[in-house]
**Student:** 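Sharing a structure here in structure tokens format.
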Amino acid sequence: MKEKILLFILVAFFLSNLWAEETTSLVQAISVPASGVILPSDPMQARISLDLRNIEIVEALKFLSVKTGLSIVPTQKVSGRVTLMVENVPIKDVFDIMLRSNNLAYDKKGEIYNVMTEAEYKA
């Protein structure tokens with residue numbers, strides 16, 4: 001009887017360790033944000049819905065950064081206002097239209113989007 005109990009304990013220990021390793025590797029393989037939504041590998045391809053009305057472009061970029069997790073850094077010369085209402089649109093399209101409507105451009109270095117005026121971009 002003692003041998004069966006010992007065997008049961010060893011098998012239970014082995015299975016619990018095996019399950020823990022599989023669970024850990026599964027969690028590492030699938031990165032799910034706190035929202036529970038699995039994002040595409042390129043965050044700019046994720047979709048977003050926004051309703052912004054006559055908001056300062058720097059504030060709109062901050063809002064977009066918070067909503068999407070993108071690192072957006074505007075220069076001091078970035079200014080203007082934006083109004084847009086979009087439903088289920090790729091973030092890249094929203095970002096581009098916000099910049100184009102204010103004659104702005106961006107340069108991506110690593111994971112940081114540096115937003116600037118067109119004159120700054122050309123220089």
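The structure presented is a predicted model; accordingly, all values stated were derived computationally and were not measured. Keep in mind that the numbers below use all heavy atoms, side chains included, and drop hydrogens, waters and symmetry copies. For reference, positions follow the sequence shown, starting with 1.
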**Student:** Return the minimal non-hydrogen interatomic distance between M98 and I57, and the atom names on each side.
**Tutor:**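 Shortest heavy-atom separation between M98 and I57 comes out as O-CD1, 3.7 Å.
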**Student:** Is L99 reachable from M44 through a run of I, L, V, M, F, W or Y residues, each pair having side-chain heavy atoms under 4.5 Å apart?
**Tutor:**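 Same cluster.
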**Student:** Does any non-hydrogen side-chain atom of L104 lie less than 4.5 Å from one of E118?
**Tutor:**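 Answer no - side chains too far apart.
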**Student:** Just distance, no hydrogens or angles: give the donor-acceptor pairs under 3.5 Å from side chains in residues 70-80, sequence neighbours left out.
**Tutor:**
| from | atom 1 | to | atom 2 | distance (Å) |
| --- | --- | --- | --- | --- |
| T75 | OG1 | E120 | OE1 | 2.8 |
| T75 | OG1 | E120 | OE2 | 3.4 |

**Student:** Working to the nearest 0.5 angstrom, can you tell me the gap between N102 CG and E56 CD?
**Tutor:**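 It comes to 8.5 Å.
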**Student:** Under the side-chain hydrogen bond (donor to acceptor under 3.5 Å, both in side chains) test, which residues partner R100, sequence neighbours left out?
**Tutor:**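 In terms of side-chain hydrogen bond (donor to acceptor under 3.5 Å, both in side chains), with neighbours along the sequence ignored, R100 is linked to no residue.
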**Student:** Indicate yes or no: at least one non-hydrogen side-chain atom of N103 is less than 4.5 angstrom from one of T117.
**Tutor:**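 N103 does not reach T117 side chain to side chain.
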**Student:** Can you give me the closest heavy-atom contact between T83 and R53, atom names plus distance?
**Tutor:**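 Shortest heavy-atom separation between T83 and R53 comes out as OG1-C, 3.7 Å.
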**Student:** Do any N or O atoms from the side chain of S101 and from the backbone of I97 form a donor-acceptor pair under 3.5 angstrom?
**Tutor:**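 Between the backbone of I97 and the side chain of S101 there is a qualifying donor-acceptor contact (under 3.5 Å).
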**Student:** Which pairs pass ring pair (Phe, Tyr, Trp, His ring centres under 6.0 Å) with one or both residues in residues 76-104, sequence neighbours excluded?
**Tutor:**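 Sorted pair list: F95-Y106, F95-Y113.
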**Student:** Between K108 and N114, is a side-chain contact (heavy atoms from CB on, under 4.5 Å) present by the stated rule, with each step listed?
**Tutor:** CA-CA 6 Å; K108 182 180 178 193; N114 185 17; over 6 Å; no
**Student:** I need the L84 CG to L52 CG distance, nearest 0.5 Å.
**Tutor:**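 Between L84 CG and L52 CG, I get 4.5 Å after rounding to 0.5 Å.
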**Student:** Using 0.5 Å steps for rounding, measure from the CG atom of L64 to the CD atom of E59.
**Tutor:**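 Going from the CG atom of L64 to the CD atom of E59 covers 12.5 Å.
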**Student:** Can F63 be reached from V89 by stepping across I, L, V, M, F, W or Y side chains whose heavy atoms are under 4.5 Å apart?
**Tutor:**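 As far as the 4.5 Å side-chain criterion goes, F63 and V89 are connected within one cluster.
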**Student:** To the closest 0.5 Å, what do you measure between CZ (R47) and NZ (K92)?
**Tutor:**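 The distance works out to 14.0 Å.
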**Student:** Give me the one residue out of L50, D51, I91 that meets side chain to side chain contact (heavy atoms under 4.5 Å, CB included) with V86.
**Tutor:**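 Per the side chain to side chain contact (heavy atoms under 4.5 Å, CB included) rule, the option paired with V86 is L50, out of L50, D51, I91.
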